[in-house]
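Data block below; observations after.
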Amino acid sequence: MEVVIDASPERLAEIAAEAVERVLQRNPRAVLGLATGSSPLLVYRELAARCAAGTLSFREARAFLLDEYVGLPEEHPERYRRVIERELEQHVDFAPNAVQGPDGTADDLVAACARYEAAIVESGGVDVQLLGVGTDGHIAFNEPGSSLGSRTRVKTLTAQTRRDNARFFDGDVEAVPRLVLTQGLRTILDARHLILLATGRGKAEAVHQLVEGPVSALWPATVLQHHPHVTVLVDEAAASRLQLADYYRETWASKPAWQHV
Ligand code: GLP
């Protein structure tokens, strides 16, 4: 696992955007994994800027979202499918229907999850997956206690996550759905490169656990320790609980230029 600590969230976003750009340059038909939440927003801004400058195109790419709320009406602004439209799709050149998310409006949610897993496999799998992390160590919506071998399924949010996400629902915890659909931990591990972004003191414990803690369902993000290619991009505050921070800084500072993230 590579840990990059940088005081500037803009620089962290640039590093992530460069990685996405390299994947698309190698293969314009690459499959991207998109995350919602505030952590990837600067990355989306950076990708949009590169697209506007003509150095990057999503025309042939496809993308899959990590997760979705259950039961929010199709046009609800906090439906993750709408969030990603607003934050990324409207600013880049994806083809129509190139971006998919789990269908939280389906009558048969179990079947919707199975269809979603199959669609990811049929696409050839995710080349680069952007991730955030919840304060309780969840990735996508895999809450503590999630099976480390899980696939896309229905989950119940913890009270903590609903409180954290209430800021997107005018501070009203009751407006945050209890049920969600989420790629499983095993689904996420199938992506070829995972890039996790975390900023702020509130993420420090989760970041410490995910990088240095014992692998445990109690901190679902720790499962990333089993993946051969993970890049963790954190600011100073999110890095403040890391035991080996000096080593990570030294490694990054002396990284050979040819060896990209
Ligand atoms: C949500 C999302 C996750 C995200 C997490 C952290 O619960 N389902 O994918 O990583 O929140 O969000 P933020 O980046 O806003 O802190």
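Remember, it's 1-based here, ligands and their atoms both numbered in the order they're listed.
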message = Please tell me whether E117 and T152 have a donor and an acceptor in their side chains that are separated by less than 3.5 angstrom.
response = yes
query = Does a side chain donor of either T158 or E143 reach within less than 3.5 Å of an acceptor in the other side chain?
reply = yes
key: For V133, atoms of ligand 1 separated by under 4.0 Å from a heavy atom   = 6 (C), 10 (O)
inquiry  = Check this for me - ligand 1, F168, N or O atoms closer than 3.5 angstrom, yes or no?
reply    = no
key: Close-contact set for ligand 1 against F141 heavy atoms, below 4.0 Å   = 1 (C), 7 (O), 8 (N)
Electrostatic pair E18:R11 at N-O distance under 4.0 angstrom = yes
request  = Please state which part of Q183 comes within less than 4.0 Å of ligand 1, counting heavy atoms only: side chain, backbone, both or neither.
outcome  = neither
ask   = To which of S38, A198, G132 does the heavy atom nearest atom 13 (P) of ligand 1 belong?
value = S38
request  = Any atoms of ligand 1 less than 4.0 Å from a non-hydrogen atom of N165? List them with their elements.
outcome  = 1 (C), 7 (O)
key: Nearest protein heavy atom with distance in Å, relative to atom 14 (O) of ligand 1   = S39 OG, 2.5 Å
query = Got a second to check how far R201's CZ is from D235's CG, nearest 0.5 Å?
reply = 11.0 Å
message = Return the closest protein heavy atom for atom 3 (C) of ligand 1 as residue, atom name and distance.
response = A140 O, 3.5 Å
message = Would you say S38 and R167 are linked by a side-chain donor-acceptor pair, where the criterion is simply a distance under 3.5 Å?
response = yes
key: Those atoms of ligand 1 less than 4.0 Å from some heavy atom in Y80   = 1 (C), 2 (C), 8 (N)
ask   = How does A35 reach ligand 1, if at all, at less than 4.0 Å between non-hydrogen atoms: by side chain, backbone, both, or neither?
value = neither
query = Can any side-chain N or O of E89 pair as donor or acceptor with the backbone N or O of P96 at less than 3.5 Å?
reply = no
Whether R162 lies under 4.0 Å from ligand 1, heavy atom = no
query = Nearest to atom 12 (O) of ligand 1, what protein heavy atom do you find, and at what distance?
reply = G37 CA, 4.0 Å
Atom 5 (C) of ligand 1: nearest protein contact (heavy atom, Å) = H138 NE2, 3.7 Å
E2/K255 salt bridge by N-O under 4.0 Å criterion = yes
remark   = Among non-hydrogen protein atoms, atom 4 (C) of ligand 1 lies closest to T36 O, 4.1 Å
task = Select the closest option to atom 8 (N) of ligand 1 among T135, V176, L66, D67, judged by heavy-atom distance.
result = D67
ask   = With a cut-off of 4.0 Å, which atoms of ligand 1 are near a heavy atom of K203?
value = 13 (P), 14 (O), 16 (O)
inquiry  = Check this for me: does any side-chain nitrogen of one of E78 and R82 sit under 4.0 Å from a carboxylate oxygen of the other?
reply    = no
message = For a quick check under 3.5 Å, do N142 and R153 share a side-chain donor-acceptor pair by atom type?
response = yes
task = Take H76 and Y69 through the side-chain contact (heavy atoms from CB on, under 4.5 Å) test and state the conclusion after the steps.
result = CA-CA 10 Å; H76 193 290; Y69 291 111; over 6 Å; no
